[in-house]
Each structure stands twice: as structure tokens, then as C-alpha cells.
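Note sheet for the following structure.
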Amino acid sequence: MALRSLSRRFGSRFLSYRSSVASLHSHATSFGFQEVKEEEKSKLVGNVFTNVASSYDIMNDVMSAGLHRLWKERLVGKLSPFAGMKHLDVAGGTGDVAFRIFDAVNSVKRRALRKVDEESLEETQIYVCDINPNMLNVGKQRAAERGLRDNKSLVWVEGDAEALSFDDNSMDGYTIAFGIRNVTHIEKALSEAYRVLKRGGRFLCLELSHVDIPVFKDVYDLYSFKVIPNLGELIAGDRESYQYLVESVRRFPPQERFASMIADAGFEKVEYENLVGGVVAIHSAIKL
């Protein structure tokens with residue numbers, strides 16, 4: 001009964017929010033459950049990730065009980081990285097996905113199976129693009145700790161998912177993990193992903209999503225709204241940023257709708273896989 005009551009309370013808040021947003025002009029957007037001007041959102045989101053950068057990976061471990069590592073391994077497995085590829089990882093400042101791609105390309109077993117030569121390995125380029133320099137600094141520090149400070153296969157780029165600095169048809173793969181819900185215009189980010197990918201290039205998005213299993217949804221809502229902000233305050237000293245992150249998940253389009261948005265951007269073979277009952281989903285597509 002307590003769980004159902006909690007779900008109704010958050011549901012009422014969300015419905016009230018949706019009603020208020022409907023009356024806003026076209027230049028308004030969401031920042032969690034708040035409505036803000038479009039030009040303000042990127043600054044607000046930037047402040048969130050500046051605040052959480054140093055504790056971002058630790059909090060991911062705590063909030064997901066380490067499951068985010070398995071989810072990212074699944075993401076990279078779907079990518080099937082190969083030596084000599086040009087890959088773009090967007091909103092990946094801390095390097096968590098990029099390091100996995102790098103390790104997959106350089107794995108001894110994979111190299112033996114594919115008879116990869118050193119020249120192909122040296123041609124591999126993994127671009128880590130993030131709008132927040134603090135997140136990139138964390139990633140660069142992690143690269144240094146791995147002995148990869150001067151590795152030419154890892155390229156760190158400060159950039160906007162909605163206005164990428166890369167050439168048309170230049171990338172073999174594009175990944176974005178837990179980042180696309182934070183952009184102001186999801187459609188622009190998808191359009192940019194399509195633009196920079198080569199024909200045959202693969203798009204992969206790992207994102208927190210929507211749970212439809214009734215009892216599990218109640219438990220998930222309780223954990224999200226009551227536990228995660230408290231963990232943020234305890235571990236990162238920042239409750240408000242994690243309150244936003246929880247709310248931003250509820251504002252993100254459901255799986256089917258997001259899949260339609262990917263198709264509308266021009267992608268083919270669009271599909272998604274729910275993990276942990278829809279807590280996260282991996283969307284994949286190809287540019288043909």
C-alpha cells in the first residue's frame with residue numbers, strides 16, 4: 001500500500017508537470033521536473049556534471065550495485081569493435097565506454113583470431129567527446145593511471161552532441177551511454193549521430209529507461225526518489241544533482257517512442273533490448 005501511494009504521489013507530480021509544460025511556448029524544455037528556457041538547460045546540466053565529475057564512476061557503482069559495468073560490456077559487445085576503426089563515444093568524458101572499446105580492439109585473443117597487425121591497431125581512433133571539460137579531465141586522469149596518457153588511439157574532444165565537429169561519413173561507430181537524455185534537443189543529437197556515421201556504421205545508445213512491471217516499478221520509484229538522492233548527498237555531497245538525474249529519467253521518452261525517433265533520424269534496423277526489466281535499455285541501429 002505504501003508503495004502504491006508513493007507511486008501515485010510521484011505520478012501526480014509528473015502529470016502536473018506535463019500539464020504545465022503543455023502550455024509553454026516552443027522555446028521551453030525540461031530540466032528534470034522543472035520547466036526552463038532552452039538556452040538555460042545546457043548551463044544547468046553542465047553545472048550538474050561539473051558537480052558530480054569527481055564522484056561520477058563511484059556513484060554509478062553504488063547506484064547500480066556495479067551492474068552498469070555489465071551493461072556497458074553488453075553495449076560494447078553489440079558494437080563488435082575492430083582494429084583500425086574510427087569510433088565516436090559521445091557524453092563519455094570519464095572514458096568508461098572508450099576504455100572498454102580500446103581493450104576489446106587490443107585483446108590478445110581477438111587479435112589472434114583476426115590476425116590483426118600492429119599497423120591496423122595504430123590506425124584505430126576512439127574519440128571521446130563530452131561537453132563538460134571536468135568530465136574529460138577525469139577521463140584523461142584515468143587514462144594516465146592505465147598507462148595510456150600518450151596513446152594516440154584515444155582522442156579527447158570537448159564538444160556538443162547537438163553540433164559535432166566531425167566530418168560527414170567519418171565514423172564506423174557511435175556510442176552514447178547515459179547521456180542522450182541530458183541534451184536539450186534529442187532530435188538534433190540523433191541527426192548529428194547519423195551525419196557523422198559512415199554507411200554501414202552502427203549507432204548504440206545505453207540509457208536509463210522505463211519500467212512497466214507494476215510491482216517492480218513501485219520499488220524502482222521508491223529507490224530512485226528516496227534512496228538515490230540520499231546516496232548522492234552522502235557520497236558526493238550533492239543531493240540536488242542526483243535528484244535531477246532521477247527526474248531526467250522520467251522525462252526521457254519511453255523505449256518505443258525513442259526507437260521511433262531514431263528511425264525518424266534516418267537509421268535502419270532499429271531495435272532495443274531491455275535490461276533489468278527496463279531499468280536500462282540498449283537501442284541499436286545502422287546507417288545504410
Side-chain angles (χ1 to χ4, degrees), residues 48-49 52-53 55-81 87-105 107 110 126 128-130 135 138-139 142 146 161 173-183 186 189-190 193 202-213 216-217 219-221 223-224 227-228 231-232 235-236 241-242 244-259 261-262 269-286:
V48 166
F49 285 95
V52 305
S55 58
Y56 185 76
D57 289 320
I58 294 173
M59 278 297 295
N60 279 345
D61 274 331
V62 172
M63 290 187 299
S64 71
L67 287 175
H68 77 101
R69 297 171 182 267
L70 299 178
W71 301 335
K72 290 168 183 171
E73 292 290 348
R74 181 70 172 169
L75 179 79
V76 173
K78 286 177 176 285
L79 177 66
S80 297
H87 183 81
L88 176 59
D89 182 44
V90 175
T94 64
D96 225 23
V97 172
F99 294 141
R100 285 172 167 79
I101 296 170
F102 180 88
D103 290 344
V105 169
S107 83
R110 188 180 293 252
I126 303 167
V128 185
C129 178
D130 201 295
M135 297 288 280
V138 172
R142 291 182 66 193
R146 288 168 167 254
Y174 175 111
T175 50
I176 182 166
F178 306 125
I180 203 163
R181 76 180 188 280
N182 296 307
V183 305
I186 294 175
L190 292 173
R202 181 173 291 278
F203 168 88
L204 286 161
C205 175
L206 171 65
E207 189 55 86
L208 292 160
S209 202
H210 294 266
V211 175
D212 288 330
I213 304 169
F216 185 35
K217 182 180 185 303
V219 174
Y220 181 51
D221 281 344
Y223 177 72
S224 297
V227 177
I228 289 178
L231 288 174
I235 296 172
S241 291
Y242 285 93
Y244 157 73
L245 292 174
V246 167
E247 292 177 1
S248 69
V249 176
R250 300 321 192 267
R251 290 293 301 133
F252 189 67
Q255 289 88 319
E256 287 290 341
R257 183 178 160 208
F258 184 52
M261 294 172 73
I262 296 170
K269 298 185 177 180
V270 179
E271 58 187 32
Y272 66 87
E273 177 186 14
N274 281 331
L275 303 175
V276 196
V279 170
V280 296
I282 298 176
H283 285 77
S284 64
I286 296 176

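All values below were derived from every heavy atom in this structure, side-chain atoms included, with hydrogens, water molecules and symmetry-related copies excluded.
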Inset, instruction - Return yes if some donor-acceptor pair links the side-chain N/O of R142 with the main-chain N/O of T94 below 3.5 Å, else return no. - result: yes

Inset, instruction - Please check if atom NZ in K269 has more than 12 non-hydrogen atoms from other residues, nucleotides or ligands closer than 6.0 Å. - result: no

Inset, instruction - Please tell me if the side chains of N60 and K72 come closer than 4.5 Å, counting only heavy atoms from C-beta onward. - result: yes

Legend entry - Under 3.5 Å: donor-acceptor pair, side chain of E207, backbone of A281: no

Inset, instruction - Supply the atom-to-atom distance L79 CG to Y174 OH, rounded to the nearest 0.5 angstrom. - result: 13.0 Å

Inset, instruction - First locate atom CG of L275, then atom CG of L208, and finally report the distance between them rounded to the nearest 0.5 Å. - result: 11.0 Å

Inset, instruction - Mind checking the NE2-CD spacing from H68 to E73? Nearest 0.5 Å is all I need. - result: 10.5 Å

Inset, instruction - Taking the side chain as every heavy atom from C-beta outward, state whether F203 and L190 have any atom pair closer than 4.5 Å. - result: yes

Inset, instruction - Output yes when D96 and R69 qualify as a salt bridge under the 4.0 Å nitrogen-oxygen rule, no when they do not. - result: no

Inset, instruction - Quick one: pull up CZ in R100 and CZ in R74 and give me the separation to the nearest 0.5 Å. - result: 14.5 Å

Legend entry - Pairwise distance CD1(I176) to CG(L204) - rounded to 0.5 angstrom: 11.5 Å

Legend entry - Geometric cation-pi criterion R146 and F99, 6.0 Å radius, 45° cone: yes

Inset, instruction - Using a 4.5 Å cut-off on heavy atoms from C-beta on, say whether the side chain of N182 contacts that of Y244. - result: yes

Inset, instruction - Would you check if V280 and F178 make a side-chain contact, meaning some heavy-atom pair closer than 4.5 Å? - result: yes

Inset, instruction - Determine the minimum heavy-atom distance between V279 and W71, stating which atoms define it. - result: CG1-CH2, 4.4 Å

Inset, instruction - Examine distances only and state if a side-chain atom of H87 and a backbone atom of F102 form a donor-acceptor pair shorter than 3.5 Å. - result: no

Legend entry - Short side-chain donor-acceptor distance under 3.5 Å, S224 and R250: yes

Inset, instruction - Check the pair E273 / L75 against side chain to side chain contact (heavy atoms under 4.5 Å, CB included), numbers first and verdict last. - result: CA-CA 10 Å; E273 177 186 14; L75 179 79; over 6 Å; no

Legend entry - Residue pair V128 / G92: nearest heavy atoms and the distance that separates them: CG1-O, 2.9 Å

Legend entry - Geometric class of the H283/F258 ring pair [parallel <30°, tilted 30-60°, perpendicular >60°]: perpendicular

Inset, instruction - Ignoring hydrogens and angles, tell me if any N or O in the side chain of Y272 forms a donor-acceptor pair with the backbone of C205 under 3.5 Å. - result: no

Legend entry - Side-chain touch K217/D212, heavy atoms, less than 4.5 angstrom: no

Inset, instruction - Mind checking the CG-CD1 spacing from N274 to I282? Nearest 0.5 Å is all I need. - result: 10.0 Å

Legend entry - Heavy-atom pair with the smallest gap, counting every atom of P81 and V76: CD-O, 3.4 Å

